[in-house]
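Everything on this sheet refers to the single structure shown next.
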Amino acid sequence: MKRYIQDLSTCIGEEVTLQGWVYNKRESKALIFLILRDGSGIVQCIIAQDDIGENSFAEVSSLGLESSVRITGKVVEDTRQHGGVELHVNAVEVIQNVADYPISKKEHGIEFLMDNRHLWLRSRRQWAIMRVRNTIIFAIHRFFQKEGFVQMDAPIFTGNACEGTTDLFETDFYGRPAYLSQSGQLYGEAMAMAMGKIYTFGPTFRSEKSKTRRHLSEFWMIEPEMAYYDIFDNMDLIEDFIKAVVQAVLAENKDELEILERDVEALEKACGEFIRLNYDDAVAIIKGEKDVDGKTTIETLKADIADREAEKSELEADIEERQALLDKGGMKKGKVAYHQSTIDKNKQRIKQIEEDLRNLPQWIESAENFKYGSDFGGSDETVLTRMFDVPVMVYDWPHAVKAFYLKRNPEHPEFARGVDLLAPEGYGEIVGGGERETNEEWLKEKIIEHELPMSEFEWYLDLRRFGSVPHAGFGLGLERLVAWICKLSHVRETIPFPRMYGRLEP
RNA sequence: GCCUCCAUAGCUCAGUUGGUUAGAGCGACGGACUGUUAAUCCGCAGGUCCCAGGUUCAAGUCCUGGUGGGGGCGCCA
């Protein structure tokens with residue numbers, strides 16, 4: 001029977017054989033502490049020379065990181081260890097002895113790690129992120145299946161740019177130009193008319209040359225579409241859905257969130273009632289005309305700048321102090337190394353702060369000069385959501401800045417019934433959706449206005465000719481949701497092999 | 001596409017107003033140590049200072065142009 005590390009706490013006292021890789025190793029003359037990982041978890045293995053013999057001990061002693069091994073030993077309770085158990089080894093079978101594994105236990109830069117993504121996935125933090133991603137994916141299916149949705153997927157090859165706005169990846173489809181799908185939504189509408197409630201779950205492609213923490217060229221999107229739903233039904237669903245997913249992660253990934261040093265309390269708070277703002281109210285808050293709990297965005301941003309500047313001078317003083325100690329000399333080697341590494345860390349932090357100090361004034365300017373009627377920029381979203389500790393839904397957008405298929409508010413036709421869900425802690429848009437236009441004539445007008453080829457949309461217009469009903473839906477960017485839940489600084493760590501501007505390998 | 005910061009050992013970085021033989025930590029390698037948690041300690045090896053021009057008696061350092069990367073904006077999920 002195959003045994004996995006995650007199950008060891010249930011077999012204390014038993015002898016088991018584990019198959020895995022050497023995650024880390026510490027050794028002394030006749031004792032080796034080998035940290036074994038097998039994909040399900042990690043466990044410390046105690047290998048004593050007396051227990052496995054001189055030859056085997058010498059072989060284990062020579063193992064490099066990520067060597068593959070089969071280890072047999074007795075499971076012993078040890079509360080000092082993370083999983084509460086360790087393995088007292090009596091036999092080690094070496095499958096492969098590895099030399100010079102490129103990723104060490106120390107710090108690495110992002111470019112090096114991305115070049116070694118195929119190996120980086122083995123490290124603890126990446127392992128935790130992928131486990132959370134898996135929980136999220138499963139929770140998404142569980143939620144929709146329980147709510148009576150049917151998964152039906154949209155095609156990936158499309159003959160036209162369905163929204164006509166963004167840059168698409170062009171491919172050759174038997175001699176015809178075809179594009180990789182940037183959204184399955186229009187197809188989702190057709191499928192919802194067949195099934196009532198559907199959701200698509202698949203890859204989506206955008207060829208914008210974006211270089212920010214929230215963009216990928218290839219990402220996974222979940223797009224539910226519901227017949228007989230209006231904008232408010234839609235918002236209720238979004239809220240229930242996001243809460244269900246966050247709660248699943250809180251319940252199932254305690255260890256992973258701890259590895260990621262995620263502030264769990266912030267996630268728990270985010271499961272409170274979501275804020276719903278129409279465009280006008282959201283704009284007033286962004287511009288600093290309206291306060292939230294007695295504070296305006298501009299004040300908050302200025303306070304941020306002051307905090308950063310204070311932190312910077314503190315760090316500079318600390319560096320100077322340590323440098324003076326080092327210059328005086330006569331310090332032990334370990335102490336010298338400690339001070340030097342602290343100085344380096346402080347310098348790194350100062351670099352980050354300086355970057356923030358370059359960006360924050362731009363954000364203030366963008367917020368103060370926000371032009372009523374335009375769409376929110378990345379910084380506007382960040383500025384707005386940092387005022388709340390729950391997600392914010394902004395609805396009823398100026399129709400001119402939103403997609404052609406959104407329904408106009410019948411009472412205020414200058415607004416379209418779109419809704420964006422902005423995640424807290426500065427993460428910004430993770431969901432975009434809305435109620436769809438059902439009036440065939442208005443839709444045609446919009447298609448002409450957006451200079452889209454009418455012939456390509458005949459099938460879409462058919463949906464308004466044959467049993468047209470109010471309907472709504474939304475698209476969720478999986479990687480952005482993972483980034484927020486794990487509190488990562490960039491979406492590139494949320495997908496096994498990210499595809500983005502300048503990154504096609506590995 | 002625009003703005004901005006950066007590129008020095010396998011990795012992470014330091015390198016002062018341009019000046020002798022370019023440094024540290026980690027990793028690798030050799031050694032010491034029976035309870036370590038990024039173990040520690042001693043020793044040893046390791047360099048096309050991103051590339052191409054230029055200024056200068058002298059360039060890792062200054063200038064110009066590339067290439068690659070980080071962050072932000074636009075666009076978006």
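Chain letters run A, B, ... following the sequence lines, proteins first and then strands; every chain starts at 1. Not measured: the values here are computed from a predicted model.
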Side-chain N or O of [X] versus OP1/OP2 of [N]: is the shortest distance under 4.0 Å?
X	N	result
R492(A)	rG71(B)	yes
R480(A)	rA77(B)	no
N359(A)	rC5(B)	no

Exercise for review: Go ahead and write out RNA chain B as dot-bracket, 5' to 3': ( ) for pairs within the strand, [ ] for ones crossing earlier pairs, | when the partner sits on another strand, dots for unpaired; Watson-Crick or G-U wobble, both distances under 3.5 Å.
Suggested key: (((((((..((((.....[...))))..((((.......))))......(((((..]....))))))))))))....

Point to revise | Contacts of type side-chain contact (heavy atoms from CB on, under 4.5 Å), residue Q6(A), not counting sequence neighbours | key: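 Expected list: Y4(A), S40(A), R131(A).
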
Counting any heavy atom closer than 4.0 Å, what does [X] reach on the DNA or RNA strands: base, sugar-phosphate only, or nothing?
X	value
E86(A)	base
G428(A)	nothing
Q44(A)	base

Exercise for review: Name all residues meeting the salt bridge (charged side-chain N to carboxylate O under 4.0 Å, His left out) criterion together with R417(A); count only those two or more places apart in sequence or in a different chain, and write none if there are none.
Suggested key: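 Result, salt bridge (charged side-chain N to carboxylate O under 4.0 Å, His left out) vs R417(A): D396(A).
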
Revision key, fill the gap. B/S/- along nucleotides 10-15 of chain B (protein heavy atoms under 4.0 Å) is -SSSS-

Exercise for review: Please step through side chain to side chain donor-acceptor pair (under 3.5 Å) for the pair H471(A) and E435(A), ending with a clear verdict.
Suggested key: CA-CA 6 Å; H471(A) 63 291; E435(A) 188 173 342; over 6 Å; no

Exercise for review: Sticking with atom P, work out how far rC2(B) lies from rG66(B), rounded to a whole angstrom.
Suggested key: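 11 Å, rounded to whole Å.
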
Exercise for review: Kindly indicate whether the side chain of K25(A), heavy atoms from C-beta on, has any atom under 4.5 Å from the side chain of I32(A).
Suggested key: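 Result yes, sub-4.5 Å side-chain heavy-atom pair found.
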
Check your understanding: Does D50(A) reach the side chain of F57(A), with side-chain heavy atoms less than 4.5 Å apart?
Key ->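 Counting from C-beta outward, D50(A) and F57(A) never come under 4.5 Å.
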
Practice item. Tell me whether F219(A) is stacked on the nucleobase of rA77(B), counting only the six-membered base ring and applying the 5.5 Å and 30° thresholds. Key: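 Here the ring of F219(A) and the base of rA77(B) are stacked, with centres under 5.5 Å and planes under 30°.
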
Review point. Charged N to carboxylate O under 4.0 angstrom, K312(A) versus E309(A)?
Key: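 Not counted as a salt bridge, because no side-chain N and carboxylate O are separated by less than 4.0 Å.
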
Review point. Counting side-chain heavy atoms from C-beta on, which of rG35(B), rU34(B), rC73(B) comes nearest to T212(A)?
Key: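 It is rC73(B).
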
Review point. For F143(A), what residues pass the ring-ring contact (aromatic ring centres under 6.0 Å, His included) criterion, not counting sequence neighbours?
Key: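 Result, ring-ring contact (aromatic ring centres under 6.0 Å, His included) vs F143(A): F241(A).
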
Point to revise | First encountered from the 5' end of RNA chain B, between K25(A) and S379(A) | key: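 That would be K25(A).
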
Practice item. Apply side chain to side chain donor-acceptor pair (under 3.5 Å) to D375(A) and list each qualifying residue two or more places apart in sequence or on a separate chain. Key: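 Side chain to side chain donor-acceptor pair (under 3.5 Å) check on D375(A) returns nothing, list empty.
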
